[in-house]
S.K.: 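Could you have a look at this structure, given as structure tokens, before my questions?
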Amino acid sequence: MKSDKVNFTNEQGQELAGKISLPVDQKPHNFVIFAHCFTCTKNLIAIRNLSNALTNHGFGVLRFDFTGLGESEGDFAETNFSGNIQDLIAAANYLKEKHTAPRLLIGHSLGGAAVLFAASKIESIKAVATIAAPSEPMHVKNLIQDSVEEISEKGQAQVSLGGRPFTIKKQFLDDLENNSLLDLVADLRKPLLILHSPQDRVVTINNAEELFKAAFHPKSFISLDQADHLLSKKEDSLYVGEVIASWASRYVEIPEVIELNTTDEVVASLAQEDNFLTRMKVGSHYMLADEPLNVGGNDFGPNPFELVTAGLSACTSMTLHMYAKHKEWDLQKVNVHISHSKEEVEEGTKQDVFTRHIEIQGELDKKQRKRLIEIANKCPVHKTLTQGSKVITLEKECL
């Protein structure tokens, strides 16, 4: 997944830093805004994994740093919970202006509380998902319990969160106390998915229970068994992304994909508006091809010669494994590295050259290794490329 950096301004005119991730064909069917946890940033590994899962299902994802965090402008000490909500509205306005209005909000921990408040203020939102969210924003007070008295007496205190120092002012706590989440959830009237781990020690599972009870249907709950609060395990964050993508498909409009059909083995389709981006059906598999940036493409997929080279590489590795299996040799692994170039054989005439380097792993003697290198030259694609082929071109009626 490729992510592009973006910037937009909040209500105070401060520049917020974000990243937009798009599916491979760069054409998301819906946009998602992701709100990170208290004092986290958009670059948390779990957020990247979750975004990958969503883009694999055709969603576009905008994740950004709240004011005063990460790469965004502003002083964190001067922010409050209401400011986070306004930042989410600014993000939605940015998407509406530059792409399309977001349809889904996802929030983690305090970000989950923020998206619930923002959902009622962003007209385009069709569904909301929360991950390890507190049932009341004031839950943050538990994270800084040792400093609450100092904040009340002096108006502010420096606290350590996640190993980093932050200044928390009394106005931040006052703002949290003035926002009742359970009352809002009861009036939200939008599909809600609550994901929470029973083992979460930062925001306990009873918070999910309170949110679920307060919400109206349609509402769903997924137990993230054995996951920690930050979804530190890759499999947990990917799972969350997969679940949200599947759940959200019931509540957002996903245009019907026009499938490529052919009676042949392969079909490639390129529309005028797609530049060089070519959609392909290869057997029962779907792929994309493109040209690199230096020749006018967008590099959203391999170029045609890379596809040919890939075919030679795959065929080589398969042929060697088939031969070794037949001989009952201990061939553990094969890595086939191939580069394509053109060499001038005579003036004005060039020849395609595929340079192949083969790594062979296993308990094999020199004679066996030499034989495997010889067998590489007998793979079917190798023969097709070296012996020459015949291409018959005919016009086909449009299906």
S.K.: Ignoring hydrogens and geometry, is there a side-chain-to-backbone donor-acceptor pair from Glu73 to Glu15 under 3.5 Å?
M.R.: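 At least one qualifying donor-acceptor pair exists.
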S.K.: How close do Asn207 and Pro134 get, heavy atom to heavy atom, and via which atoms?
M.R.: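 Scanning both residues, the minimum pair turns out to be OD1-CA, 3.5 Å.
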S.K.: Do the side chain of Asp290 and the main chain of Asp299 share a donor and acceptor less than 3.5 angstrom apart?
M.R.: yes
S.K.: Do the side chains of Leu182 and Leu116 join up, straight or via other hydrophobic residues, at under 4.5 Å, putting them in one cluster?
M.R.: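 Same cluster.
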S.K.: Using 0.5 Å steps for rounding, measure from the OG atom of Ser317 to the CE atom of Met322.
M.R.: 11.5 Å
S.K.: Would you please say whether a donor-acceptor pair under 3.5 Å links the side chains of Asp352 and His340?
M.R.: yes
S.K.: Just wondering, do Asp228 and Ser197 contact through their side chains at under 4.5 Å, heavy atoms?
M.R.: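 Sidechains of Asp228 and Ser197: no contact.
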S.K.: So does Ala101 get a backbone contact from the side chain of Ser124, meaning a donor-acceptor N/O pair under 3.5 Å?
M.R.: no
S.K.: Looking only at side-chain N and O atoms, does Arg63 offer a donor or acceptor that is under 3.5 Å from a partner on Ser21?
M.R.: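 Short answer, yes.
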S.K.: Does a donor on one side chain and an acceptor on the other come within less than 3.5 Å for Asn206 and Thr204?
M.R.: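 Note: Asn206 and Thr204 side chains meet the donor-acceptor criterion.
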S.K.: Parallel under 30°, tilted from 30 to 60°, perpendicular over 60°: which one fits the rings of Phe38 and Phe76?
M.R.: tilted
S.K.: With side chains defined as the heavy atoms from C-beta onward, is the minimum distance between Leu211 and Leu181 less than 4.5 Å?
M.R.: yes
S.K.: Is Glu209 paired with Lys213 through a side-chain N to carboxylate O contact shorter than 4.0 Å?
M.R.: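 A salt bridge is present here (some side-chain N lies under 4.0 Å from a carboxylate O).
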S.K.: Do other residues, nucleotides or ligands put more than 12 heavy atoms under 6.0 Å from His357 NE2?
M.R.: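 Count not over threshold, so no.
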S.K.: Please determine if Arg103 forms a cation-pi arrangement with Phe31, meaning its NZ or CZ atom is less than 6.0 Å from the six-membered ring centre and no more than 45° off the ring axis.
M.R.: no
S.K.: For Asn10 and Gln12, indicate whether the former's side chain and the latter's backbone hold a donor-acceptor pair under 3.5 Å.
M.R.: yes
S.K.: Is it true that, when you exclude Arg250 itself, more than 12 heavy atoms of the residues, nucleotides or ligands shown sit nearer than 6.0 Å to its CZ?
M.R.: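 No, because the 6.0 Å sphere around CZ of Arg250 holds 12 heavy atoms or fewer from other groups.
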S.K.: For Lys342 versus Phe305, what's the shortest heavy-atom pair and its separation?
M.R.: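 Reported closest heavy-atom pair: NZ-CZ, 4.3 Å.
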S.K.: Give, for atom SG of Cys379 and atom CG of Leu312, the distance between the pair rounded to the nearest 0.5 Å.
M.R.: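 Going from SG on Cys379 over to CG on Leu312, the span is 5.5 Å.
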S.K.: Report yes if the side chains of Thr263 and Lys396 come closer than 4.5 Å at any heavy-atom pair, otherwise no.
M.R.: yes
S.K.: Hey, is the main chain of Ala215 close enough, under 3.5 Å, to the side chain of Lys219 for a donor-acceptor pair?
M.R.: yes
S.K.: Gln199 and Asp225: side-chain donor and acceptor closer than 3.5 Å?
M.R.: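 The criterion, which ignores hydrogens and geometry beyond distance, is satisfied for Asp225 and Gln199.
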S.K.: Examine Trp247 and Ile254 and state if one hydrophobic cluster contains both, with Ile, Leu, Val, Met, Phe, Trp and Tyr joined whenever side-chain heavy atoms are less than 4.5 Å apart.
M.R.: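 As far as the 4.5 Å side-chain criterion goes, Ile254 and Trp247 are connected within one cluster.
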S.K.: Between Lys190 and Ser120 (side chain of the first, backbone of the second, donor and acceptor by atom type, cut-off under 3.5 Å), is there such a pair?
M.R.: no
S.K.: Tell me whether Leu307 is reachable from Val267 by hopping between hydrophobic residues (I, L, V, M, F, W, Y) whose side-chain heavy atoms are closer than 4.5 Å.
M.R.: no
S.K.: Kindly say whether Gly68 contributes a backbone atom to a donor-acceptor pair with the side chain of Ser72 at under 3.5 angstrom?
M.R.: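 Looks like no, no N/O pair under 3.5 Å.
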S.K.: Assign the ring pair Phe221 / Phe212 to parallel, tilted or perpendicular, where the plane angle (0 to 90°) is split at 30° and 60°.
M.R.: perpendicular
S.K.: Any side-chain heavy atom of Ile20 sitting closer than 4.5 Å to one from Leu22?
M.R.: yes
S.K.: Determine whether the aromatic ring centres of residues Phe8 and Phe64 are separated by less than 6.0 angstrom.
M.R.: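 Under 6.0 Å, so yes.
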S.K.: Just wondering, more than 12 heavy atoms not from Ile205 lying within 6.0 Å of its CD1?
M.R.: yes
S.K.: Do Tyr239 and Asn49 come close enough that some side-chain heavy atom pair is under 4.5 Å?
M.R.: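 With C-beta onward as the side chain, the pair stays apart.
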S.K.: Is the number of heavy atoms from other residues, nucleotides or ligands under 6.0 Å of Glu374 CD greater than 12?
M.R.: yes
S.K.: Report the distance from atom CZ of Phe66 to atom CG of Leu110, rounding to the nearest 0.5 Å.
M.R.: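 Between Phe66 CZ and Leu110 CG, I get 7.5 Å after rounding to 0.5 Å.
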S.K.: Can you tell me how far the CG atom of Leu230 sits from the NE2 atom of His36, to the nearest 0.5 Å?
M.R.: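 Between Leu230 CG and His36 NE2, I get 12.5 Å after rounding to 0.5 Å.
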S.K.: Applying side chain to side chain contact (heavy atoms under 4.5 Å, CB included) to Ile244 and Ile131, what does each step give before you reach the verdict?
M.R.: CA-CA 10 Å; Ile244 293 176; Ile131 307 161; 4.3 Å; yes
S.K.: What's the verdict on side chain to side chain contact (heavy atoms under 4.5 Å, CB included) for Met318 and Thr316, showing C-alpha distance, side-chain angles and the deciding distance?
M.R.: CA-CA 6 Å; Met318 292 177 186; Thr316 301; over 6 Å; no
S.K.: Apply the test side chain to side chain contact (heavy atoms under 4.5 Å, CB included) to residues Tyr323 and Leu331: give CA-CA distance (whole Å), side-chain angles for both, the deciding distance (0.1 Å), then the verdict.
M.R.: CA-CA 10 Å; Tyr323 184 83; Leu331 178 59; over 6 Å; no
S.K.: Could you pull out the closest heavy-atom pair between Met287 and Val282, with the gap in Å?
M.R.: SD-CG2, 3.6 Å
S.K.: Of all the heavy-atom pairs spanning Ala376 and Leu320, show the shortest one and how long it is.
M.R.: N-CD2, 3.8 Å
S.K.: side-chain hydrogen bond (donor to acceptor under 3.5 Å, both in side chains) for His229 and Ser109? Distances and angles first, verdict last.
M.R.: CA-CA 8 Å; His229 182 70; Ser109 196; 3.0 Å; yes
S.K.: Hey, which of Asp65, Leu16, Leu62 is the one that makes side chain to side chain contact (heavy atoms under 4.5 Å, CB included) with Lys42?
M.R.: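 Answer after filtering Asp65, Leu16, Leu62: Asp65.
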S.K.: For Ser246 and Val243, indicate whether the former's side chain and the latter's backbone hold a donor-acceptor pair under 3.5 Å.
M.R.: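 Side chain of Ser246 to backbone of Val243, a donor-acceptor pair under 3.5 Å: no, none is there.
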S.K.: Are Leu54 and Ile106 packed together at the side-chain level, in the sense that at least one heavy-atom pair is separated by less than 4.5 angstrom?
M.R.: yes
S.K.: Applying the 4.5 Å side-chain criterion to the ILVMFWY set and letting contacts propagate, would Leu195 and Leu238 be lumped into a single cluster?
M.R.: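 No: no chain of side-chain contacts under 4.5 Å links Leu195 to Leu238.
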S.K.: Please evaluate residues Leu104 and Ile125 with respect to the criterion side chain to side chain contact (heavy atoms under 4.5 Å, CB included), reporting the C-alpha separation (whole Å), side-chain torsions for both, the decisive distance (0.1 Å), and the verdict.
M.R.: CA-CA 6 Å; Leu104 176 64; Ile125 296 303; 5.9 Å; no
S.K.: Test of understanding: clusters of I, L, V, M, F, W, Y form through side-chain heavy atoms closer than 4.5 Å, transitively. Do Leu364 and Ile373 belong to the same one?
M.R.: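 Same cluster.
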S.K.: Taking CE in Met280 as the centre, count heavy atoms belonging to other residues, nucleotides or ligands within less than 6.0 Å. Is the count above 12?
M.R.: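 Atom CE in Met280 is packed in, count exceeds 12.
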S.K.: Mind listing the closest non-hydrogen atom pair of Val115 and Ala129 along with its distance?
M.R.: CG2-O, 4.2 Å
S.K.: Would you find more than 12 non-hydrogen atoms of other residues, nucleotides or ligands less than 6.0 Å from Lys96 atom NZ?
M.R.: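 Count not over threshold, so no.
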S.K.: Shortest non-hydrogen contact from Ser389 to Thr384?
M.R.: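 For Ser389 versus Thr384, the nearest heavy atoms are OG-CG2, 3.2 Å.
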S.K.: Evaluate the side-chain proximity of Ile33 to Leu88: yes if any heavy-atom separation is below 4.5 Å, no if none is.
M.R.: yes
S.K.: So, does Asn30 use its side chain to make a donor-acceptor pair with the main chain of Val252 at under 3.5 Å?
M.R.: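 No: the side chain of Asn30 does not pair with the backbone of Val252.
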S.K.: Assess the side chains of Asp330 and Gln332: does a donor N or O sit below 3.5 Å from an acceptor N or O?
M.R.: yes
S.K.: Side chains of Ile47 and Ser51: does their closest heavy-atom pair fall under 4.5 Å?
M.R.: yes
S.K.: Under 3.5 Å, is there a donor-acceptor pair between the side chain of Thr278 and the main chain of Phe276?
M.R.: yes
S.K.: Does NZ belonging to Lys126 count more than 12 external heavy atoms closer than 6.0 Å?
M.R.: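 Counting neighbours around NZ of Lys126, 12 or fewer heavy atoms of other residues, nucleotides or ligands fall under 6.0 Å, so no.
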S.K.: On the 0 to 90° scale, with breaks at 30° and 60°, tag the His29-Phe59 ring pair as parallel, tilted or perpendicular.
M.R.: perpendicular
S.K.: Are more than 12 heavy atoms, taken from residues, nucleotides or ligands other than Glu123, located less than 6.0 Å from that residue's CD atom?
M.R.: no
